[in-house]
There are 2 protein chains.
Amino acid sequence: MSRDLTIGRVAEAAGCKVQTVRYYEQIGLIPAPPRTSGNQRVYDETAVHRLTFIRHARELGFPLQAIRDLISLSDHPDQSCAAADGIAKAQLGEVNRRIQSLIALRHELEHMIEQCKGGKIKDCRVIEVLSDHTLCETDAHDAAAPMAQPPSAG
Amino acid sequence: MSRDLTIGRVAEAAGCKVQTVRYYEQIGLIPAPPRTSGNQRVYDETAVHRLTFIRHARELGFPLQAIRDLISLSDHPDQSCAAADGIAKAQLGEVNRRIQSLIALRHELEHMIEQCKGGKIKDCRVIEVLSDHTLCETDAHDAAAPMAQPPSAG
DNA sequence: CCTTGAACCTATAGTTACTGTAGCTCTTAT
DNA sequence: ATAAGAGCTACAGTAACTATAGGTTCAAGG
């Protein structure tokens, strides 16, 4: 078990970028770690733990604000679980809405591609469907619930 | 058929905000319209058409750059349809990836919520699952393909 | 004709969640 | 001793808008 990790090691272990770690520190999502005599950050395993937590939550689509709430929750382990549960449930609702929307979008795209089998643009359904209001009366219109954009899982 | 639309009318007809219309003009996605003597923008139906096109494409998850390509394509109607088709197909691939990811995420959230039925945070699976690397080995990890974030369909 | 209030104008800043760059300093290996 | 590579700060940029401030124009009512 290695203590005294550099920011690069921590970032690698947690699966995020060095800049992202510094950014999370800047916005107060992780505490500022101690520094070496040469001013470089020194982390331990708990930083990896918390960054991994954050990454997972981001991958699950939680906005940073929700993650902030979850973290403050987890810092008070004797409180009721209900708040964390509520956050997860709200997130589940978002995810379900997103899935519905995307399925509608997929139908529309498949339809567009189906129609567009070689030919000139003036006959191209891709352009036409996008241009014409009446041709796309699927539920695609209530798409795009205002949710966190997904992190680039790099 | 009304000609001489104000920006507010156009925005309403196309289902987007006034600022968004000005923004699209600013970034060159729509042409700058003529102005009244009092410097106010004057649109006609073709602006509504193009803005609707853009909104649909955004709702389908196309990034503005792809929309830009589509528009420049549609300005040359004698070219092959293949390019537009390619853009749509790439988009379909993204949509499918997103759906897969979200379904995995939904499983994970449902599992979390299932486990978390009243109790204290120290026993809460929501926190635990998010904290622990090994507990979430679903395909959630290849989630979050770098795609355009969805527009707020307002 | 004058006034009121909504809608318009420009310019700029803020949003989210980072990512990238410039120009340094520090650490580590040879 | 030196050179590569990683770290440091600070700031700019990204997408795609959204919001604000502070001013102008337009349409309707008195």
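Sequence lines set the chain letters: A, B, ... in the order given, protein chains first and strands last, and positions in each chain run from 1.
Between Glu45(B) and Leu5(B) the shortest side-chain heavy-atom distance falls below 4.5 Å. Looking at heavy atoms from C-beta onward, Thr6(B) lies out of side-chain contact with Gln40(B) at the 4.5 angstrom threshold. Leu64(B) has its side chain within reach of Tyr23(B): a pair of non-hydrogen atoms, C-beta onward, lies under 4.5 Å apart.
Between its two ends, the helix from dC1(C)-dG30(D) to dT30(C)-dA1(D) turns its axis by 10°, counting five pairs per end and rounding to 10 degrees.
Side-chain atoms of Arg55(A) do not come within 3.5 Å of backbone N or O of Cys16(A) as any donor-acceptor pair.
Phosphate contact (OP1/OP2 of dC8(C), side-chain N/O of Thr6(B), threshold under 4.0 Å): present. For Tyr24(B), no side-chain nitrogen or oxygen approaches OP1 or OP2 of dA16(D) to under 4.0 Å. Between Arg41(B) and dT10(C) there is a side-chain N or O to OP1 or OP2 distance below 4.0 Å. Taking 4.0 angstrom as the limit, Thr20(B) places none of its side-chain polar atoms (N or O) nearer than this to OP1 or OP2 of dA16(D).
Residue Ile7(B) is in sugar-phosphate contact alone, with no base atom involved, counting any heavy-atom pair closer than 4.0 Å across all strands shown. As judged by a 4.0 angstrom heavy-atom cut-off over every strand, Arg22(B) is placed among the base-contacting residues.
Atoms OH (Tyr23(B)) and P (dA19(D)) sit 15 Å apart, rounded to a whole Å. Between the CZ atom of Arg9(B) and the C1' atom of dA7(C) there is a distance of 10 Å, given to the nearest Å. The distance from atom OH of Tyr43(B) to atom C1' of dC8(C) is 11 Å, rounded to the nearest whole Å. We find that CZ of Arg68(B) is positioned 12 Å from P of dC17(D), with the value rounded to whole Å. Regarding Arg35(B), its CZ atom lies at a distance of 19 Å from the P atom of dA7(C), rounded to whole Å. Rounded to an integer number of Å, the gap from CD of Gln65(B) to P of dT14(D) is 13 Å. The distance between atom NZ of Lys17(B) and atom C1' of dC9(C), rounded to the nearest whole Å, is 19 Å. Atom CD of Gln19(B) and atom P of dT15(C) are 16 Å apart (whole Å).
Within a 6.0 Å sphere centred on CD of Glu12(A), other residues, nucleotides and ligands contribute 12 heavy atoms or fewer. Around CZ of Arg68(B), the count of heavy atoms belonging to other residues, nucleotides or ligands within 6.0 Å exceeds 12.
The hydrophobic cluster containing Ile103(B) also contains Ile103(A), counting ILVMFWY residues as joined when their side-chain heavy atoms lie under 4.5 angstrom apart, directly or transitively. Hydrophobic clustering keeps Ile7(B) apart from Val42(B) (ILVMFWY residues linked when any side-chain heavy atoms are closer than 4.5 Å, directly or through intermediates).
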For nucleotides 21-27 of chain D, just jot down a letter per nucleotide in 5' to 3' order: B, S or -, based on protein non-hydrogen atoms under 4.0 Å.
----SS-
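A side-chain contact (heavy atoms from CB on, under 4.5 Å) with Ile30(B) is found for one member of Ile71(B), Thr46(B), Leu51(B) and no other, namely Leu51(B).
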